[in-house]
Q: 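One structure is given below, represented as structure tokens, and several questions about it will come after.
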There are 2 protein chains.
Amino acid sequence: MASESMSPELMRCVADRFKALAEPARLALLHALRGGDRTVSELVEVTGMGQANVSKHLQVLHGHGFVARRKDGLFSWYSLADQDVLRLCDIVCGRLEKEASAQQRMLANG
Amino acid sequence: MASESMSPELMRCVADRFKALAEPARLALLHALRGGDRTVSELVEVTGMGQANVSKHLQVLHGHGFVARRKDGLFSWYSLADQDVLRLCDIVCGRLEKEASAQQRMLANG
DNA sequence: TCACTATATTCCTATCTGGTTGAGTAACTG
DNA sequence: CAGTTACTCAACCAGATAGGAATATAGTGA
């Protein structure tokens, strides 16, 4: 997979997935969902964002399969669709930590 | 890591990393670098993009540590900094493949 | 039916950024 | 030194989008 040649369409699909994660607001929502299912209102309260904004970002995440939605009466319960998104974030966070500690060593030895 | 609470700054850093990958042009450059080191001109030829455009995208990737640069006379040789970016792309590609095959099953079973 | 609540959607505006163009910089050649 | 090559930088424009306000939709209960 992802080997020899990649079609421009596939490239765009992959880029769109990354773009869905390339927004602090959406990362905050995903982070809030680590604790379990949440309704939109709960996410509004936790993140401090506007309701329309939260709803809109959740649509993006849901459209790309990063979160699952379950309707229950008036409420929409959102949850992490799987562990992939956490793996993605962990790789990036690992890089940032590695760079931060490397920079600290630079300052210490420099 | 990436556990309990994440500062808004960290959230922004992570989002910026994803944003660097959220562009088909940059993914095309990274893909071209899978085969080994390449000069800017080579990448221009392979991708069909403009030279200034390639150079600018490479600055972004380099600024976020995804590619390494080595200067040799007139040439700038770019290469993948490490395997992390491939792992990230593989996770996303794996998702896309899984969804594609699931959709095929949907169509087959109706 | 009407009001109320939770969520989704639409419209608007400010901001950001990808791509292009043209100028600028640095290294090699003669 | 001038000329060429390889690359980078700066300015511009067009398209995309995050955020907020207002509105729409849908479920609930009186």
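Chain identifiers are assigned alphabetically (A, B, ...) following the order of the sequence lines, protein sequences preceding nucleic acid strands; residue numbering begins at 1 within each chain.
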Q: List in chain and number order the residues that pass side-chain hydrogen bond (donor to acceptor under 3.5 Å, both in side chains) with B:H64, two or more places apart in sequence or in another chain; answer none if no residue qualifies.
A: B:R17

Q: Rounded to the Å, how far apart are B:L58 CG and D:dC9 P?
A: 12 Å

Q: Taking the minimum atom-to-atom distance to the side chain of B:R69, which one of C:dG19, D:dC7, D:dT8 wins?
A: D:dT8

Q: Test of understanding: with side chain to side chain contact (heavy atoms under 4.5 Å, CB included), list the residues that count as partners of B:S101, not counting sequence neighbours.
A: B:R105

Q: With B:R38, which residues qualify under side chain to side chain contact (heavy atoms under 4.5 Å, CB included), at least two apart?
A: B:L33, B:E42, B:L43

Q: Can you list everything that forms a side chain to side chain contact (heavy atoms under 4.5 Å, CB included) with A:A15? Sequence neighbours excluded, please.
A: B:P24, B:L27

Q: Does the side chain of A:S76 get closer than 4.0 angstrom to OP1 or OP2 of C:dA8 through an N or O atom?
A: yes

Q: Return the value, rounded to whole Å, for the distance between atom CZ of B:F75 and atom P of C:dT29.
A: 10 Å

Q: Compile the donor-acceptor pairs under 3.5 Å between side chains in residues 71-81 of chain B and protein atoms, sequence neighbours left out, one pair per line.
A:
{"unit_1": "B:Y78", "atom_1": "OH", "unit_2": "B:Q59", "atom_2": "NE2", "d": "3.3"}
{"unit_1": "B:Y78", "atom_1": "OH", "unit_2": "B:R69", "atom_2": "NH1", "d": "3.0"}

Q: Quick one, which residues of residues 21-29 of chain A touch DNA chain D with a heavy atom under 4.0 Å?
A: A:E23, A:A25, A:R26

Q: A:H64 NE2 to D:dT17 C1': how many Å, rounded?
A: 13 Å

Q: Rounded to the Å, how far apart are A:N53 CG and C:dC11 P?
A: 18 Å

Q: Rounding to a whole Å, what distance do you find between A:R38:CZ and C:dA6:C1'?
A: 17 Å

Q: Each nucleotide N or O in nucleotides 10-14 of chain D that has a protein N or O under 3.5 Å away: list the pair and distance.
A:
none

Q: Got a second to check how far B:K19's NZ is from B:R12's CZ, nearest 0.5 Å?
A: 8.0 Å

Q: Can you list everything that forms a side-chain hydrogen bond (donor to acceptor under 3.5 Å, both in side chains) with A:R26? Sequence neighbours excluded, please.
A: A:H57

Q: In Å, rounded to the nearest 0.5 Å, how long is the span from CG of B:N53 to OG1 of B:T47?
A: 8.5 Å

Q: Could you check B:W77 against A:V60 and say which one's nearest nucleotide on DNA chain D is further toward the 5' end?
A: B:W77

Q: For a quick check, tell me whether the side chain of A:Q51 and the base of C:dA8 share a donor-acceptor pair closer than 3.5 Å.
A: yes

Q: Applying salt bridge (charged side-chain N to carboxylate O under 4.0 Å, His left out), can you list everything that pairs with B:E45, at least two apart in sequence or on another chain?
A: none

Q: Summarise how protein sits on nucleotides 25-30 of chain D as a single string, 5' to 3': B when a protein heavy atom is under 4.0 Å from the base, S for sugar-phosphate-only contact, - for no contact.
A: -BBS--

Q: Please check if the number of heavy atoms outside A:Q103 that lie under 6.0 Å from its CD is greater than 12.
A: no

Q: Taking NE2 from B:H62 and P from D:dC7, how many angstroms apart are they, rounded to a whole number?
A: 15 Å

Q: Please state how far atom CZ in B:R70 lies from atom P in D:dA6, giving the value in whole angstrom units.
A: 16 Å

Q: With sequence neighbours excluded, tell me which residues meet salt bridge (charged side-chain N to carboxylate O under 4.0 Å, His left out) with B:D16.
A: none

Q: Applying a 4.0 Å non-hydrogen cut-off, can you work out what A:S55 is touching in the nucleic acid: base, sugar-phosphate, or nothing?
A: base

Q: Measure the distance from CD on A:Q59 to C1' on D:dA18 and round it to the nearest whole Å.
A: 15 Å

Q: Under 4.0 Å from OP1 or OP2 of D:dT8: is there any side-chain N or O of B:Y78 that close?
A: yes

Q: OP1, OP2 of D:dG19 versus side-chain N and O of A:H57: anything below 4.0 Å?
A: yes

Q: Can you list the residues that meet the salt bridge (charged side-chain N to carboxylate O under 4.0 Å, His left out) rule with A:R87, with sequence neighbours excluded?
A: A:D84

